[in-house]
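Every chain is numbered from 1 and lettered A, B, ... according to where its sequence line falls, protein lines coming before strand lines.
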Amino acid sequence: MNAFATQLVVLAGNTLRELVRSKLLYNLLIFAVLLIASSMFVAQLTIGQWDRIILDMGLAATQIVGMLISILIGVGLVAGEIDRRTIYPTLARPLSRGTFLLGRYAGLLLVLALNVLVMMGVLGLVLHMAGYGISQTALQAMLLIFIELAVLSAAAIFFGSFTTPMLAAAFSLSLFLIGHLLGDLQAFGKRSHSEAAKLATSAAYRILPDLGLLDLKAQAASNLPVASHAVWTGALYGLSYAAVLLTLAVIVFRKRDLK
Amino acid sequence: MRLQAERVAATIVTMQRNAAALAGIAALVALVAATGFVRQAAEEARPPAVELAIDVPPFPPAVARPFSFGLRSLVADLTFLEAIQVFGARKSNITLAEGLHEDRLLAKLLTYSTDLDPKFRGAYRFAGDALPRHTTDGMEGGIFAAETLLKRGAVERADDWQIHFLLGFIESYYLEKREEAAVQFAAAARLEGAPAYLAMLATRVAAHAGDLAFAGQLAQTMLAQSSEESTRAEWQNRLLDIAMERGARDLDAAVVRFRAQTGRLPERLDALVSSGIIPAIPAEPHGGSYFIDALGAVHSTHGERLQIRNKAQNQAGVIPQ
């Protein structure tokens with residue numbers, strides 16, 4: 001293992017250990033688990049199709065809580081450390097700024113993966129208690145939720161590399177909201193008679209992440225099969241977008257004056 | 001002497017601590033009592049609760065869809081749950097006009113749900129079960145709304161045999177669209193999970209729609225399909241109505257024979273038995289009894305006779321606005 005990989009693994013491990021002690025993480029995780037568990041009771045209000053209500057609530061809880069963890073914790077990993085000036089001892093070591101960012105990101109991804117696994121376990125348990133199994137589409141939806149969280153974490157790291165924690169969180173949250181509006185925004189642009197509106201929506205569609213491509217919750221709730229090709233291309237799109245954001249973050253962070 | 005003074009001082013300190021602890025406990029008890037008292041006063045002063053009326057969301061599905069930020073399926077669930085609440089609160093033995101508001105609301109909520117999530121199988125099935133309503137004034141409500149939703153469901157969820165079956169049922173039972181119903185039953189029969197008798201039903205429907213025995217078979221099938229308690233009760237009642245109509249039709253035929261033999265109408269139904277035309281007057285399945293009016297028409301003391309034929313004249317569909 002070369003020096004870069006070793007440093008990356010050490011940093012990711014440290015970040016994981018640090019985050020595992022975070023009260024915010026546990027609060028959010030407990031909230032999600034309670035929400036998923038309560039879906040069993042909400043499902044009893046409906047007639048048939050309990051699995052749909054449980055899946056809808058469970059996948060929504062996984063996505064929303066995962067989004068909050070990605071943004072609130074992701075922003076704190078870089079922007080928060082700069083704000084608190086705790087980044088200096090780390091950067092004083094023989095460690096490049098790029099490695100620092102990527103290590104932090106890898107640690108956050110590990111935490112998110114654990115969270116998604118825990119929530120998937122609870123969701124599977126609740127479904128089992130209601131007499132249902134977890135479908136392949138639900139697993140595909142979970143995978144794409146994790147990829148979406150990877151994009152949002154990369155966005156939080158990117159924004160955190162050049163602005164304050166508060167602004168970075170606001171930008172990341174906006175990216176999440178716009179990312180889910182993008183498909184409709186593009187449709188609006190196509191229907192518009194204004195050339196400027198068409199240009200603006202087309203540019204926004206090309207630049208911003210289309211998180212709708214990573215959303216299989218409705219298909220999972222309706223138990224509709226999804227071609228694995230669609231899942232893998234969506235996942236690849238999300239990962240490549242996250243890679244672009246991380247590269248930008250590294251470039252910006254290397255040039256940033258931390259004094 | 002000094003030791004004694006220290007002991008006294010220690011005792012005083014202990015007493016002071018105990019006193020402070022006691023004062024703390026007393027303050028806590030007083031606070032709890034005061035909170036209870038204030039709560040009672042607040043409950044008495046509370047203004048009357050405002051009932052939150054269930055209604056469709058104030059913004060159209062076209063707006064709700066993008067602004068649910070990827071959670072449109074969950075929003076569709078919420079309006080579906082509202083529809084179930086409306087259905088649960090709707091009284092069963094009411095006239096068409098009395099239930100019109102609930103009928104419309106139910107249709108609107110289910111349309112909203114399926115607009116948000118066009119693949120919502122449960123909402124289509126529920127529309128087929130819950131929207132059609134037999135009223136106490138001999139009308140049928142919600143038929144057109146159910147047909148509209150189920151037609152859309154049959155396209156969006158072409159893989160669901162129950163949606164095709166429900167659409168076929170509504171088209172044959174209420175609307176007398178025999179050919180269209182046969183197509184739906186045939187489509188349902190081809191799908192995975194469909195019961196074997198559906199293929200037979202598909203072939204029979206074109207030839208026997210409007211027939212009482214056929215209506216009985218359909219109602220029996222609907223009873224077997226329904227999982228919701230009030231819907232099952234409604235279909236059980238419907239089966240009794242059909243049995244009542246069967247008895248009334250037998251008596252109608254006997255009256256025609258009596259008139260052919262005697263040249264007059266019987267004054268009472270007993271005359272049909274005493275003249276040997278029928279062995280006995282059939283039992284009225286609801287527990288009432290049959291009687292004949294001055295024009296020779298047979299009725300039941302239970303209520304209006306079921307009209308299976310010419311149902312198109314009796315429909316009062318509710319089209320979502």
Relative to each other, are the rings of B:F165 and B:F185 parallel, tilted or perpendicular (30° and 60° limits)? tilted

For residues 140-157 of chain A, give me every residue with a non-hydrogen atom less than 4.5 Å from any non-hydrogen atom of chain B. none

Chain B contact via A:L182 - which portion, at a heavy-atom distance below 4.5 Å: neither

Test item: side-chain donor near acceptor, B:S73 and A:R52, under 3.5 Å: yes

With a sphere of 6.0 Å drawn around CD of B:Q236, does it hold more than 12 non-hydrogen atoms of other residues, nucleotides or ligands? yes

Counting heavy-atom pairs closer than 4.5 Å to chain A, which one of B:S68, B:G70, B:G122, B:G88 comes out on top? B:G70

Mutual orientation of the aromatic rings belonging to B:F169 and B:Y173 [parallel < 30°, tilted 30-60°, perpendicular > 60°]: parallel

Smallest heavy-atom separation, A:S172 atom then A:A168 atom, equals OG-O, 2.7 Å

Closer than 3.5 angstrom, by distance alone: can the side chain of B:R72 be matched with the main-chain N or O of B:L116 as a donor-acceptor pair? yes

Closest-packed option against chain B by number of heavy-atom pairs under 4.5 Å, given A:L59, A:I53, A:L211, A:L177: A:L177

Less than 4.5 Å to any heavy atom of chain B: does that hold for the side chain of A:Q63, its backbone, both, or neither? side chain

Does any backbone or side-chain atom of B:R125 lie under 4.5 Å from a heavy atom of chain A? Answer side chain, backbone, both or neither. neither

Against B:F80, only a single residue in B:Y124, B:F120, B:Y112 fulfils ring-ring contact (aromatic ring centres under 6.0 Å, His included); can you say which? B:F120

Between B:L81 and chain A, which part of the residue has a heavy atom less than 4.5 Å away: side chain, backbone, both or neither? side chain

Tell me every residue that passes salt bridge (Lys or Arg N to Asp or Glu O under 4.0 Å) with A:D51, counting only those two or more places apart in sequence or in another chain. none

By a 4.5 Å heavy-atom criterion (distance strictly below it), what part of A:I64 contacts chain B: side chain, backbone, both, or neither? side chain

Highest number of heavy-atom pairs under 4.5 Å with chain B among A:L55, A:L181, A:L185, A:D215 belongs to A:L181

Does any non-hydrogen side-chain atom of A:M57 lie less than 4.5 Å from one of A:S38? yes

Counting only non-hydrogen atoms closer than 4.5 Å, does A:D56 touch chain B with its backbone (N, CA, C, O), its side chain (CB onward), both, or neither? both

Nearest heavy atoms of A:L248 and A:F158, plus distance in Å: CB-CE1, 3.6 Å

